[in-house]
S.K.: 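The structure is given below, and queries will be raised subsequently.
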Amino acid sequence: KAGVTQTPRYLIKTRGQQVTLSCSPISGHRSVSWYQQTPGQGLQFLFEYFSETQRNKGNFPGRFSGRQFSNSRSEMNVSTLELGDSALYLCASSGGGRTEAFFGQGTRLTVV
Amino acid sequence: GNSVTQMEGPVTLSEEAFLTINCTYTATGYPSLFWYVQYPGEGLQLLLKATKADDKGSNKGFEATYRKETTSFHLEKGSVQVSDSAVYFCALIDDYKLSFGAGTTVTVRA
């Protein structure tokens, strides 16, 4: 069974640009969540989607958005990039509810 | 809100030593609890889980018991190997969201 796939693995963007990250969950999983990992703030929750509906959202500015498609694949978008957005962005999939989440390898975003 | 507190690292051990990483949580109700491990340059891997009080999760020689009385979920391994060098995260899930501890870096020397 294939794991969670995130693309691209690495990305370098310039301040002010926007970026879209992609996540394909484990087959059969309908919940996809996104996390930002930085050395200073650790792992922070961005948002969670289940069957194309956002069920929870973390405390991030509106520049961070996401969506989920009918095949459960998800994308997150960050507009007007800032230097502080440089981070490892992790996607996780699960069956939903209190079950365990499985993570992808992440997308390393560097904003210059 | 919900939160997880882990012992601060880094932790440096010799091979075959005993490892304990303390984790306590604050939550309404009884969330499922997890330990994840992260190796350099990789995402998080689920190490073990417990879904209710007194449950013991175990995997690859690691164990943790869900203690409701002390709101704890300490990770233990009896004999560590160099390959156990990684960052370990304690986490709980509530309202479809994982809340993580700060992570504990473990280095095992041969």
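Letters go in sequence order (proteins before strands), and every chain restarts at 1. Note that these values count all heavy atoms, side chains included, but never hydrogens, waters or copies made by symmetry.
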S.K.: How about B:Leu98 and A:Phe103: do any of their side-chain heavy atoms sit closer than 4.5 Å?
M.R.: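 Yes, close enough: below the 4.5 Å cut-off.
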S.K.: Would a single hydrophobic cluster contain both A:Tyr49 and A:Tyr89, if residues Ile, Leu, Val, Met, Phe, Trp and Tyr are joined by side-chain heavy-atom contacts under 4.5 Å?
M.R.: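 Both belong to a single hydrophobic cluster.
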S.K.: To the nearest 0.5 angstrom, please state how far the CD atom of A:Glu100 sits from the OG1 atom of B:Thr51.
M.R.: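 So the gap between those two atoms works out to 9.5 Å.
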S.K.: Using a 6.0 Å cut-off, check whether atom NZ of B:Lys60 has over 12 heavy atoms from anything other than its own residue.
M.R.: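 Atom NZ in B:Lys60 is not crowded, with 12 or fewer foreign heavy atoms closer than 6.0 Å.
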S.K.: Counting heavy atoms not belonging to B:Glu16, are there more than 12 under 6.0 Å from its CD?
M.R.: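 12 or below, so no.
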S.K.: For the residue pair B:Glu42 and A:Leu88, what are the closest heavy atoms and their distance?
M.R.: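 In terms of heavy atoms, the two residues are closest at O-CD2, 4.3 Å.
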S.K.: Same cluster for A:Leu21 and A:Ile26 if Ile/Leu/Val/Met/Phe/Trp/Tyr side chains link at under 4.5 Å?
M.R.: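 Cluster IDs for A:Leu21 and A:Ile26 differ.
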S.K.: Which atoms of B:Gln38 come close to chain A, meaning under 4.5 Å heavy atom to heavy atom: side chain ones, backbone ones, both, or neither?
M.R.: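 B:Gln38 touches chain A through side-chain heavy atoms alone.
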S.K.: Less than 4.5 Å to any heavy atom of chain A: does that hold for the side chain of B:Lys97, its backbone, both, or neither?
M.R.: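 Both backbone and side chain of B:Lys97 come within 4.5 Å of chain A.
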S.K.: Report which part of A:Tyr35 has an atom under 4.5 Å of a heavy atom belonging to chain B: side chain, backbone, both, or neither.
M.R.: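 For A:Tyr35, the side chain is the part near chain B, not the backbone.
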S.K.: Could you tell me whether A:Asn59 atom CG has more than 12 heavy atoms of other residues or ligands within 6.0 Å of it?
M.R.: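 No - once you tally the heavy atoms of other residues, nucleotides and ligands closer than 6.0 Å, there are 12 at most.
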S.K.: Is chain B contacted by the side chain of A:Gln37, its backbone, both, or neither, given a heavy-atom distance below 4.5 Å?
M.R.: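 When you check distances to chain B, only side chain atoms of A:Gln37 fall under 4.5 Å.
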S.K.: Heavy-atom count check: over 12 atoms from other residues, nucleotides or ligands less than 6.0 Å from A:Arg9 CZ?
M.R.: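 Yes - once you tally the heavy atoms of other residues, nucleotides and ligands closer than 6.0 Å, there are more than 12.
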S.K.: Which bit of B:Leu46 comes within less than 4.5 Å of chain A, counting heavy atoms only: side chain, backbone, both or neither?
M.R.: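 Contact with chain A involves the side chain of B:Leu46 alone.
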S.K.: Out of curiosity, A:Leu43 CG to B:Leu44 CG, how far, rounded to the nearest 0.5 Å?
M.R.: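 So the CG of A:Leu43 and the CG of B:Leu44 are separated by 5.5 Å.
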S.K.: So what's closer than 4.5 Å to chain B heavy atoms on A:Arg108: side chain, backbone, both or neither?
M.R.: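 No part of A:Arg108 comes within 4.5 Å of chain B.
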S.K.: Measure across A:Leu90 and B:Gly43 and return the closest heavy-atom pair with its distance rounded to 0.1 Å.
M.R.: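 Looks like CD2-CA, 3.9 Å.
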S.K.: Just by distance, do the side chain of B:Tyr96 and the backbone of A:Phe50 share a donor-acceptor pair under 3.5 Å?
M.R.: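 The answer is no, because no donor-acceptor pair under 3.5 Å joins these two groups.
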S.K.: Let me check something: do B:Tyr25 and B:Leu47 share a hydrophobic cluster, defined by ILVMFWY side-chain heavy atoms less than 4.5 Å apart, either directly or through other members?
M.R.: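 Yes, it is one cluster - the side chains of B:Tyr25 and B:Leu47 are joined through contacts under 4.5 Å.
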S.K.: For A:Arg63, does the CZ atom have more than 12 heavy-atom neighbours from other residues, nucleotides or ligands under 6.0 Å away?
M.R.: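 Yes, because the 6.0 Å sphere around CZ of A:Arg63 holds more than 12 heavy atoms from other groups.
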